[in-house]
Amino acid sequence: MIIRAAVLRPQHIEGDPSLSEAIRGLASGAGLVQRLEGRPLRFRRAREAERPAGGLAPEPRDAAFWRALQTRRGATITAERDAPDPYLLSRTATPTAWNSPEDAEAHDGL
């Protein structure tokens, strides 16, 4: 991905038309996680009143890293799609104490 603007806009995504379409299809205020340079960043669809161009702005906690990437405007950076939301990923972990054969046998028929 090439850094081209202060927000992530679908028309600036090259080589991944499905990501461009996914961004275009997001509702105002909806979010998306994109892994850039190995780090997951959360973006939100900017509300039309805030940005008429309809780009994705980084959430406040990821804004500093995004601003640091802006210093490399025009450069190609590593981008991965469909990165799991780090918060949701942390909430889905099952304690290993529950992964015993006895638990599997007890809950198999449920």
Side-chain angles (χ1 to χ4, degrees):
M1 180 175 128
I2 299 174
I3 301 284
R4 296 194 187 275
V7 294
L8 187 59
R9 292 193 175 106
Q11 62 267 32
H12 294 157
I13 305 293
E14 297 175 5
D16 194 347
S18 62
L19 176 58
S20 295
E21 286 305 311
I23 292 172
R24 281 188 184 95
L26 284 175
S28 180
L32 151 69
V33 176
Q34 182 79 13
R35 189 175 296 273
L36 301 177
E37 295 292 283
R39 179 177 170 173
L41 284 106
R42 289 184 192 172
F43 289 88
R44 289 247 171 249
R45 176 75 177 221
R47 301 197 191 294
E48 298 305 319
E50 296 168 358
R51 295 189 196 276
L56 301 180
E59 290 199 353
R61 74 178 202 173
D62 295 322
F65 185 74
W66 179 248
R67 278 193 303 276
L69 289 175
Q70 295 301 308
T71 64
R72 297 167 48 194
R73 229 178 245 200
T76 300
I77 63 167
T78 304
E80 298 173 62
R81 288 192 51 218
D82 300 324
D85 185 305
Y87 172 76
L88 294 177
L89 191 60
S90 72
R91 304 297 297 162
T92 60
T94 305
T96 56
W98 295 353
N99 292 339
S100 71
E102 293 82 18
D103 287 324
E105 183 178 317
H107 295 101
D108 236 7
L110 297 179

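Nearest heavy atoms, G55 versus V7: CA-CG2, 4.0 Å. Across all non-hydrogen atoms, the minimal contact from S28 to R45 is CA-CG, 3.8 Å. In terms of heavy atoms, L36 sits closest to A79 at CD2-CB, 3.6 Å. Taking every heavy atom of both residues into account, G31 and L26 meet most closely at O-CD2, 3.9 Å. In this structure, S20 and P10 approach most closely via the heavy-atom pair OG-O, 3.1 Å.
In this structure, CD1 on I23 lies 6.0 Å from CG on L32, to the nearest 0.5 angstrom. Here R44 contributes atom CZ and L8 contributes atom CG; the two are 14.0 Å apart, rounded to the nearest 0.5 Å.
Residues that satisfy the salt bridge (charged side-chain N to carboxylate O under 4.0 Å, His left out) test with R73, not counting sequence neighbours, are absent from this structure. For R4, the side chain to side chain contact (heavy atoms under 4.5 Å, CB included) criterion is met by I2, H12, E14, not counting sequence neighbours. In terms of the side chain to side chain donor-acceptor pair (under 3.5 Å) criterion, residue partners of S18 (sequence neighbours excluded) are, by chain and number, D16, R81. The side chain to side chain contact (heavy atoms under 4.5 Å, CB included) search around E21 returns R24, not counting sequence neighbours.
Formation of a donor-acceptor pair under 3.5 Å by the Q34 side chain with backbone atoms of R42 is not found in this model.
Listed by first and then second residue, the ring pair (Phe, Tyr, Trp, His ring centres under 6.0 Å) pairs involving residues 18-46 are F43-W66 (not counting sequence neighbours).
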Mind running side chain to side chain contact (heavy atoms under 4.5 Å, CB included) on E59 and L41 for me, showing each step along the way?
CA-CA 8 Å; E59 290 199 353; L41 284 106; over 6 Å; no

